[in-house]
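If you're wondering where the values come from, they're calculated on a predicted model, not measured in any experiment. Below, read A as the first sequence line, B as the second, and so on, with proteins coming before strands; counting in each chain starts at 1. Keep in mind that the numbers below use all heavy atoms, side chains included, and drop hydrogens, waters and symmetry copies.
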Number of protein chains: 2
Amino acid sequence: MYSKSEENYLKAIYHLEAIAKHGVSTNAIAGEMETKPSSVTDMVKKLADKQLVNYVKYKGTTLTEKGKKAALGVVRKHRIWEVFLLETLDFQWDEVHDIAEQLEHIKSQELINRLDKFLDYPDYDPHGDPIPDKNGNIKSAEKKLLAELKKGNQGQLVGVRETSPDFLQFLDKRSIAIGSKIKVLGKEFFDGSMVIQVQGEQFFISKKIAENLYIHI
Amino acid sequence: MYSKSEENYLKAIYHLEAIAKHGVSTNAIAGEMETKPSSVTDMVKKLADKQLVNYVKYKGTTLTEKGKKAALGVVRKHRIWEVFLLETLDFQWDEVHDIAEQLEHIKSQELINRLDKFLDYPDYDPHGDPIPDKNGNIKSAEKKLLAELKKGNQGQLVGVRETSPDFLQFLDKRSIAIGSKIKVLGKEFFDGSMVIQVQGEQFFISKKIAENLYIHI
DNA sequence: AAAAAAAGTTAGTCTTATCTAAAAAATTAT
DNA sequence: ATAATTTTTTAGATAAGACTAACTTTTTTT
Ligand SMILES: [Mn+2]
Ligand SMILES: [Mn+2]
Ligand SMILES: [Mn+2]
Ligand SMILES: [Mn+2]
């Protein structure tokens with residue numbers, strides 16, 4: 001259907017649309033794709049010709065319905081493959097992304113549907129991101145940063161934003177891991193620091209820590 | 001490492017070397033790859049520059065040790081993915097090839113080794129072709145055509161050469177299937193026809209039938 | 001052994017996806 | 001409201017891989 005490059009652009013634009021207010025900027029796409037802005041201009045023109053994006057010179061790019069559907073198809077493949085790599089092949093949490101980046105481009109609807117079935121229709125990928133269904137519907141909730149929760153809220157740790165060894169060791173030392181239930185016992189308005197409860201134990205964490213933990217509520 | 005196109009050429013040359021006496025001809029590669037001879041000339045020159053083939057203008061192409069190793073790597077990936085598609089995802093025997101043709105190009109040694117382990121180190125792919133190990137060694141026997149067997153020989157049906165509905169129905173009607181044990185009870189020198197025994201039952205088959213069944217002895 | 005046919009190569013073109021450098025438009029600072 | 005800066009686009013170049021058409025070498029036929 002679409003080339004690997006086109007699929008990667010669509011996915012990048014999809015991800016950027018979630019945070020951009022209006023259209024996605026050429027520079028933003030270039031940043032995400034690790035290419036030059038001039039390459040992006042070329043590609044978004046091609047995507048516009050194929051009715052996959054709305055592109056207004058100097059103004060920005062947005063996905064059309066057709067483009068969004070295509071992007072969600074790639075996102076679905078990516079996340080299902082990530083689950084497979086982690087659950088079935090026992091890859092580590094941080095090893096799956098690069099391989100899924102390639103596998104997401106395999107052309108076969110049947111393949112991904114059978115894989116989905118084999119994995120028993122997972123709702124989330126290993127990073128806590130929801131998996132769209134066959135029709136591109138995302139029924140599951142998007143993950144949130146722990147820092148966004150209020151006092152009294154609780155949820156489950158589904159992923160980390162920062163992956164440096166320092167940070168992962170910080171979590172390890174406190175037995176905070178993917179799947180842990182976390183409750184916000186208190187939150188300081190002044191600096192955003194929190195007191196949280198994890199498996200009975202209480203920890204004080206800074207805003208910086210809370211901004212790097214993804215939660216499902 | 002190598003591009004998808006280079007990998008496909010290496011694999012094609014590897015397959016053709018098995019039947020060619022001397023070097024593989026440009027036209028033969030073009031046929032296998034479904035490209036034009038001029039495209040092949042371009043590519044074999046590039047492969048020769050990379051020490052993957054020995055190419056002598058107008059004479060033919062052979063794989064170097066380096067090229068053979070690379071080709072076997074692709075063959076290994078292809079066959080392991082085929083096993084996965086059939087065994088794990090329940091694809092039909094004749095649906096797996098096209099998808100494996102894409103999956104064989106995923107760049108990750110770790111991925112294929114884990115998949116191999118997950119499948120419990122299969123020796124053959126669903127078509128009865130042996131799977132090279134990590135180092136490119138093929139310890140298992142190559143499949144043979146039933147037509148090559150002699151009176152008294154027996155083996156296991158591992159694949160079919162022809163895949164037309166007519167032929168598959170012919171087999172179905174007689175309950176001859178992949179995995180069936182077949183014994184040659186008699187063979188006519190005049191026309192190559194055979195009497196075979198399959199699960200207690202005896203059948204008379206023409207040479208044409210016997211030339212389309214692959215056997216492991 | 002010459003002529004004809006087939007096989008293989010070269011030269012030049014095309015497409016896709018990149019890039020650099022220069023120009024134009026939009027934004028921000030003065 | 002200008003000027004400076006940043007963002008974006010255009011123009012032209014490059015590399016991979018494929019094609020057509022023309023040419024050369026090899027093989028087969030007569
Ligand atoms: Mn990708
Ligand atoms: Mn993910
Ligand atoms: Mn292939
Ligand atoms: Mn096979």
Gap between atoms CD1 and C1', on I29(B) and dG8(C) respectively (whole Å): 11 Å
Need one value for K45(A): base, sugar-phosphate or nothing, where a base atom within 4.0 Å counts as base even if backbone is also close, heavy atoms only. sugar-phosphate
Which of these nucleotides, dC19(D), dT18(C), dA24(C), is closest to any side-chain atom of S39(B)? dC19(D)
With no angle test and no hydrogens, is the base of dT10(D) tied to the side chain of T41(A) by a donor-acceptor pair under 3.5 Å? no
Check ion pair R76(B)-E104(B) (N to O, under 4.0 angstrom): no
Please compare V40(B) and S3(A) by the position of their nearest nucleotide in DNA chain C and report the one closer to 5'. V40(B)
Sequence-distant partners of Y124(B), ring-ring contact (aromatic ring centres under 6.0 Å, His included), two or more places apart: H216(B)
Could you state the atom-to-atom distance from CG of D42(A) to P of dT16(C) in whole Å? 12 Å
What is the distance, rounded to the nearest whole Å, between atom NZ of K36(B) and atom C1' of dA7(C)? 14 Å
Y58(B) has an atom OH; how far is it from atom P of dT27(D), in whole Å? 12 Å
Whole angstrom is fine here: how far is it from CG in D49(B) over to C1' in dA16(D)? 14 Å
Does K57(B) place a side-chain N or O at less than 4.0 Å from the phosphate oxygens OP1/OP2 of dT24(D)? no
Which donor-acceptor pairs under 3.5 Å do the side chains of residues 27-34 of chain B make with protein atoms, sequence neighbours left out?
none

Is the base of dT20(D) touched by the side chain of S38(B) through a donor-acceptor pair closer than 3.5 angstrom? yes
Which of L171(B), L145(B), L149(B) passes side chain to side chain contact (heavy atoms under 4.5 Å, CB included) with L213(B)? It is L171(B)
Selection from dT18(C), dT9(D), dT9(C) that lies nearest to any side-chain heavy atom of T26(A): dT9(D)
Could you tell me the separation between the CE atom of M33(B) and the P atom of dG8(C), rounded to a whole number of Å? 16 Å
What's the OH-P distance between Y55(B) and dG8(C), to the nearest Å? 9 Å
Shortest side-chain distance from N27(B), nucleotide among dA26(C), dC19(C), dA7(C): dA7(C)
When you check the gap from the basic side-chain N to the acidic O, do D123(B) and K139(B) get nearer than 4.0 Å? yes
Here the distance between atom P of dT9(C) and atom NZ of K59(B), to the nearest Å, is 11 Å
